[in-house]
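Side chains are part of it too, since the values below use all heavy atoms of this structure and drop only hydrogens, waters and symmetry mates.
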Amino acid sequence: MYTVPSRYSAGTIGVGRNDLVSGEAVALDLPPASLGRRIVSGILDLTIVLIVLVALMWLSLKVAASLSDGAVLAGAFALSWVLALIVVPTAVETLSRGKSLGHRALGLRTVRDDAGPIGFRHALTRALIGTVEIFSFFGVPALVAVGISGKNKRIGDLVAGTYVIRDRRSLEVAGTAVMPSYLEPWARTADIGVLTDHQAMLIRMFLHRAPSFRDDALRAASARQLVLMLAPYISPAPPPGASDEDVLNAVAAERRHREWLRLKRDDDLRRRLLR
């Protein structure tokens, strides 16, 4: 009998989802960015803001020195802060539709809660709140909010109705299954969508370990048991005479293929919506 180690028994296989429904009534998989990615992205953006601020203040000093006017210097300094902390970040996020320079480097994007691209109002709100939660309080409120928010939102995101997603993903569907050519016509049309992640995990683990079985009888019995377990969930039944192990390979390979197609459709739709 083929068993699964206890450390796998309570788990599920697949990607986590935060389903959002688009105007085309299609569920989009837009996972929020992790806390670590947001921190690194925030540090990069903060560094760029400070560089812009220093450059603007240096320019203000040059202008004020040539005019020998303290009031001009004070006004130029104030304008420098507004430009660096609010105007520039708002312009960058608005024009790039949610991709600050830090986001671009980490493969992130800010979107609305309904998965659409952000606009000027969202970018301005995030920048204004950011001057308080990040610069006035050294980012502590932002870190606390991201840590307790369901979608890793800082306060600016909560007020603006936005959150940050992973815009670039490299996702591989694991598995060692190879589609047997004689079962491909059956697998392509079979209904296997009701298989659970746990059942799919059992199949993958068996196929991964099958070559290491020393007892052929045990290997065949394990494959037979899995096929019998899957029988109520697969329609139509496999062709008569098909090898149990080939059936498991066909089911796993087809499930992987369909998952790849789903991810590709979601990615294409997401790119159209965020253009």
Side-chain angles (χ1 to χ4, degrees), residues 15-23 27-57 75 77-169 266 270-271 273-275:
V15 264
R17 295 179 61 86
N18 284 291
D19 288 338
L20 297 170
V21 180
S22 73
L28 291 179
D29 183 15
L30 301 181
S34 65
L35 176 59
R37 282 178 175 267
R38 293 216 57 180
I39 291 176
V40 175
S41 172
I43 291 174
L44 291 175
D45 284 334
L46 179 59
T47 301
I48 293 170
V49 166
L50 292 177
I51 291 174
V52 171
L53 178 60
V54 170
L56 290 173
M57 294 183 74
F77 274 7
L79 181 61
S80 298
W81 280 91
V82 172
L83 288 173
L85 273 63
I86 299 175
V87 176
V88 172
T90 299
V92 170
E93 285 207 342
T94 301
L95 296 175
S96 65
R97 300 172 75 82
K99 293 181 73 71
S100 67
L101 296 179
H103 283 11
R104 191 175 297 276
L106 272 293
L108 307 178
R109 182 193 291 268
T110 302
V111 297
R112 302 193 310 258
D113 283 338
D114 62 0
I118 66 171
F120 171 76
R121 176 178 63 82
H122 306 94
L124 178 61
T125 302
R126 296 180 81 251
L128 288 172
I129 302 298
T131 60
V132 178
E133 63 176 331
I134 295 175
F135 292 96
S136 299
F137 294 95
F138 306 101
V140 174
L143 286 175
V144 172
V146 169
I148 64 177
S149 170
K151 290 184 178 179
N152 296 336
K153 294 185 173 190
R154 65 177 177 87
I155 298 176
D157 290 313
L158 293 170
V159 175
T162 60
Y163 78 113
V164 179
I165 65 170
R166 288 176 289 150
D167 193 46
R168 288 199 308 260
R169 287 192 297 165
D266 283 359
R270 180 183 60 170
R271 290 180 186 279
L273 291 175
L274 296 178
R275 267 205 304 256

Report task. Verify side chain to side chain contact (heavy atoms under 4.5 Å, CB included) between Leu143 and Ile39, making sure each step is shown before the conclusion. Result -> CA-CA 8 Å; Leu143 286 175; Ile39 291 176; 3.9 Å; yes

Could you report the tightest heavy-atom contact between [X] and [Y], atom names first, then the distance?
{"X": "Ser41", "Y": "Gly102", "result": "OG-C, 3.2 Å"}
{"X": "Thr90", "Y": "Ala127", "result": "OG1-CB, 3.4 Å"}
{"X": "Arg104", "Y": "Ser96", "result": "NH2-CB, 3.9 Å"}
{"X": "Ala160", "Y": "Arg126", "result": "CB-CG, 3.9 Å"}
{"X": "Ala105", "Y": "Leu44", "result": "CB-CD1, 3.9 Å"}

Are [X] and [Y] close enough that some pair of their side-chain heavy atoms sits under 4.5 Å apart?
{"X": "Leu108", "Y": "Arg166", "result": "yes"}
{"X": "His122", "Y": "Asp113", "result": "no"}
{"X": "Val82", "Y": "Val87", "result": "yes"}
{"X": "Thr125", "Y": "Arg121", "result": "yes"}
{"X": "Leu85", "Y": "Val49", "result": "yes"}
{"X": "His103", "Y": "Arg109", "result": "no"}
{"X": "Tyr163", "Y": "Asn152", "result": "no"}

Query raised in the report: Do other residues, nucleotides or ligands put more than 12 heavy atoms under 6.0 Å from the CZ atom of Phe135?
Result: yes

**Report entry** Pairs satisfying salt bridge (Lys or Arg N to Asp or Glu O under 4.0 Å), at least one member in residues 38-48, at least two apart
**Finding:** Arg38-Asp157

Query - Working for side chain to side chain contact (heavy atoms under 4.5 Å, CB included), residues Leu83 and Val52 - result: CA-CA 9 Å; Leu83 288 173; Val52 171; over 6 Å; no

State the [atom1]-[atom2] distance between [X] and [Y], to the nearest 0.5 angstrom.
{"X": "Ile155", "Y": "Ile134", "atom1": "CD1", "atom2": "CD1", "answer": "9.5 Å"}
{"X": "Leu56", "Y": "Leu79", "atom1": "CG", "atom2": "CG", "answer": "8.0 Å"}
{"X": "Leu158", "Y": "Ile129", "atom1": "CG", "atom2": "CD1", "answer": "10.0 Å"}
{"X": "Ser100", "Y": "Leu46", "atom1": "OG", "atom2": "CG", "answer": "11.5 Å"}
{"X": "Trp81", "Y": "Thr131", "atom1": "CH2", "atom2": "OG1", "answer": "10.5 Å"}

Requested in this report: Using atom types as modelled and distance alone, determine if a side-chain donor or acceptor of Arg37 lies under 3.5 Å from a backbone N or O of Leu106.
Outcome: yes

Query raised in the report: So, does Glu133 use its side chain to make a donor-acceptor pair with the main chain of Gly156 at under 3.5 Å?
Result: yes

Query raised in the report: Which one of Thr162, Val88, Thr110, Leu124 satisfies the side-chain contact (heavy atoms from CB on, under 4.5 Å) criterion with Glu93?
Result: Thr110

